[in-house]
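Below: one structure, written as structure tokens.
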There are 2 protein chains.
Amino acid sequence: MSSPKTFQGYLQDKGLKSTHQRDDIVSYFLQKSKHFTVKELYREVQNIDPKIGYATVHRTLKLLVDAGLATECRFSGGITRFESVKEGEHHDHLVCLKCGKIIEFENDKIEQLQIKVAKEHNFTLADHKCVLYGYCSGCRE
Amino acid sequence: MSSPKTFQGYLQDKGLKSTHQRDDIVSYFLQKSKHFTVKELYREVQNIDPKIGYATVHRTLKLLVDAGLATECRFSGGITRFESVKEGEHHDHLVCLKCGKIIEFENDKIEQLQIKVAKEHNFTLADHKCVLYGYCSGCRE
DNA sequence: TTTGATATTGATATTCATTATCATTTGTTA
DNA sequence: TAACAAATGATAATGAATATCAATATCAAA
């Protein structure tokens, strides 16, 4: 819930331990800027250390979310994807319904309007997700 | 995928059959304007006809989506909710993270900006979902 | 260092929503 | 009404997310 800058800082704040599994998973995840499913990250991390278990990958991703270093995205099909978050940054997504391509976009005007809408309904805004579904130039019929 | 005005019309267009189960489920669903999970609708429809099965409720909701008379919403927790759609109308949602209250809102400016964003990225927009998470006036700490 | 309390790991089991299967029943058309 | 195709409902299968638990690793304090 807090937002320290590093995963190590988060572990310390929470009294959690630093392990080589966590280090491997986190550094690989943060280095690649991809929208990982647990399974995808698990498979790729296997190349670094084949002994790392699926559950550990899943748990570590949850820790990253709690640390404010990742967010969960559910675009369609009920599969959760995790993406890394840069300090103070927010973006939304365009998703191609055919090829699955994911494009990130930022739009301050939309953000401002969302804040306004929340205010009008007497809501304290905590988070917001905006997903546009469509067809990319390559997949258009 | 097409958008006829009635469920009966949809069934005819698709060569599907009209059954009393479908009638019961659809008329109950459309009459209540709620964000139903399959389980919730199943339980409530049991009061009308206890013989209706879970699978039929699920299948009928999927038909309603295909008919353009309902949409699926996934707010959090991986549970799919279905809500009825009025002709030519679109709205987005404000969700309270504490009590789960769901408020619908419409904002043309946001819609217009979304269309613009899609165009800028050379996307043909098919659908869009915007969810604001926060705390309603009653749940604010 | 070594110890000991405590957290973590990894294999596996469990949960739960969604979807598929299939024998039986029902609706529709000729 | 008969014949065929589709729908139903019970149940099984699927698959992602989470829980369990014995074995192991981490880290602060002695």
Side-chain angles (χ1 to χ4, degrees), chain A residues 7-29 35-67 70-82 100, chain B residues 7-29 35-67 70-82 100:
Chain A
F7 187 62
Q8 292 303 325
Y10 168 77
L11 293 180
Q12 286 206 344
D13 288 358
K14 290 272 179 177
L16 302 177
K17 293 171 180 172
S18 173
T19 67
H20 71 86
Q21 289 96 331
R22 285 178 176 169
D23 291 349
D24 287 348
I25 294 165
V26 167
S27 64
Y28 186 85
F29 174 78
H35 298 79
F36 282 104
T37 62
V38 177
K39 202 192 278 180
E40 282 168 2
L41 185 55
Y42 168 67
R43 290 212 180 112
E44 298 189 23
V45 162
Q46 289 280 298
N47 299 324
I48 297 167
D49 178 358
K51 289 195 179 174
I52 291 180
Y54 182 91
T56 300
V57 175
H58 178 266
R59 285 183 289 229
T60 304
L61 282 168
K62 288 288 190 187
L63 286 179
L64 278 166
V65 170
D66 191 56
T71 49
E72 301 183 21
C73 314
R74 248 181 302 254
F75 295 135
S76 62
I79 308 151
T80 302
R81 290 180 176 277
F82 294 80
Chain B
F7 186 61
Q8 292 303 326
Y10 168 77
L11 293 179
Q12 287 206 343
D13 289 358
K14 290 273 181 177
L16 302 176
K17 293 171 182 173
S18 174
T19 68
H20 71 87
Q21 290 96 330
R22 284 177 176 170
D23 291 349
D24 287 349
I25 295 164
V26 167
S27 64
Y28 186 85
F29 174 78
H35 298 79
F36 282 103
T37 62
V38 177
K39 201 193 276 181
E40 282 168 1
L41 184 57
Y42 168 69
R43 290 209 180 116
E44 298 190 25
V45 161
Q46 290 279 299
N47 299 325
I48 297 168
D49 179 357
K51 290 194 177 174
I52 290 178
Y54 184 91
T56 299
V57 174
H58 178 265
R59 284 184 288 228
T60 304
L61 282 168
K62 288 290 189 185
L63 287 180
L64 279 166
V65 171
D66 190 55
T71 49
E72 301 183 21
C73 315
R74 246 181 302 253
F75 296 134
S76 62
I79 308 150
T80 302
R81 291 180 176 277
F82 294 80

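A distance of 13.0 Å separates OH of A:Tyr42 from OG1 of A:Thr60, quoted to the nearest 0.5 Å.
The footprint of chain A on DNA chain D, defined by a heavy-atom cutoff below 4.0 Å, extends from D:dA16 to D:dC27.
At whole-Å resolution of the value, NE2 in B:His58 and C1' in C:dA20 are 11 Å apart. Whole-Å rounding puts the B:Lys17 NZ to C:dT29 P distance at 9 Å. Separating the CZ atom of B:Arg59 from the C1' atom of C:dT21 is a distance of 10 Å, rounded to the nearest angstrom. Separating the CD atom of B:Gln8 from the C1' atom of C:dT28 is a distance of 14 Å, rounded to the nearest angstrom. The interatomic distance linking B:Arg81 (CZ) with C:dT18 (P) rounds to 10 Å, in whole Å. Rounded to an integer number of Å, the gap from A:Leu61 CG to C:dT9 P is 12 Å. Following rounding to the nearest Å, A:Leu16 (CG) and C:dA7 (C1') show an atom-to-atom distance of 8 Å. One can place CD of A:Gln46 at 15 Å from P of C:dT9, the figure rounded to the nearest angstrom.
A heavy-atom distance below 4.5 Å is not found between the side chains of B:Leu63 and B:Lys14. The side-chain heavy atoms of A:Ile48 and A:Tyr28, taken from C-beta on, include a pair separated by under 4.5 Å. Using a 4.5 Å cut-off on side-chain heavy atoms (C-beta onward), A:Ile79 and A:Lys39 make no contact.
Here A:Lys14 does not reach the OP1 or OP2 of C:dA7: none of its side-chain N or O atoms lies under 4.0 Å away. For A:Thr19, no side-chain nitrogen or oxygen approaches OP1 or OP2 of C:dT8 to under 4.0 Å.
Toward the 5′ end of DNA chain C lies the nearest nucleotide of A:Thr60, the other residue of the pair A:Thr60 and B:Ile79 mapping further downstream. Two residues, B:Gly15 and B:Ile52, neighbour DNA chain D, and the one matched to the more 5' nucleotide by heavy-atom proximity is B:Gly15. When each of A:Gln21 and B:Tyr54 is assigned the nucleotide of DNA chain C bearing its nearest heavy atom, the one mapping closer to the 5' terminus is A:Gln21. Residue whose closest nucleotide on DNA chain D sits further toward the 5' end, between A:His20 and B:His20: B:His20.
Counting any heavy atom pair closer than 4.0 Å across all strands shown, B:Thr80 reaches sugar-phosphate atoms only and no base atom. Within the 4.0 angstrom heavy-atom criterion, only backbone atoms of the sugar-phosphate kind lie near B:Ser18; the bases stay farther away.
Contact detail for A:Gln8 and A:Ser18: the closest heavy-atom pair is OE1-OG, 3.5 Å.
Residue B:Arg22 places no side-chain atom within donor-acceptor reach of the base of C:dG27, judged by atom type and a 3.5 Å distance cut-off alone.
By the neighbour-count criterion of 12 heavy atoms within 6.0 Å, atom CD of A:Glu72 is densely surrounded, having more than that number from other residues, nucleotides or ligands.
Here the rule is side chain to side chain contact (heavy atoms under 4.5 Å, CB included) with B:Phe29, and of B:Leu64, B:Val45, B:Val57 only B:Leu64 fits it.
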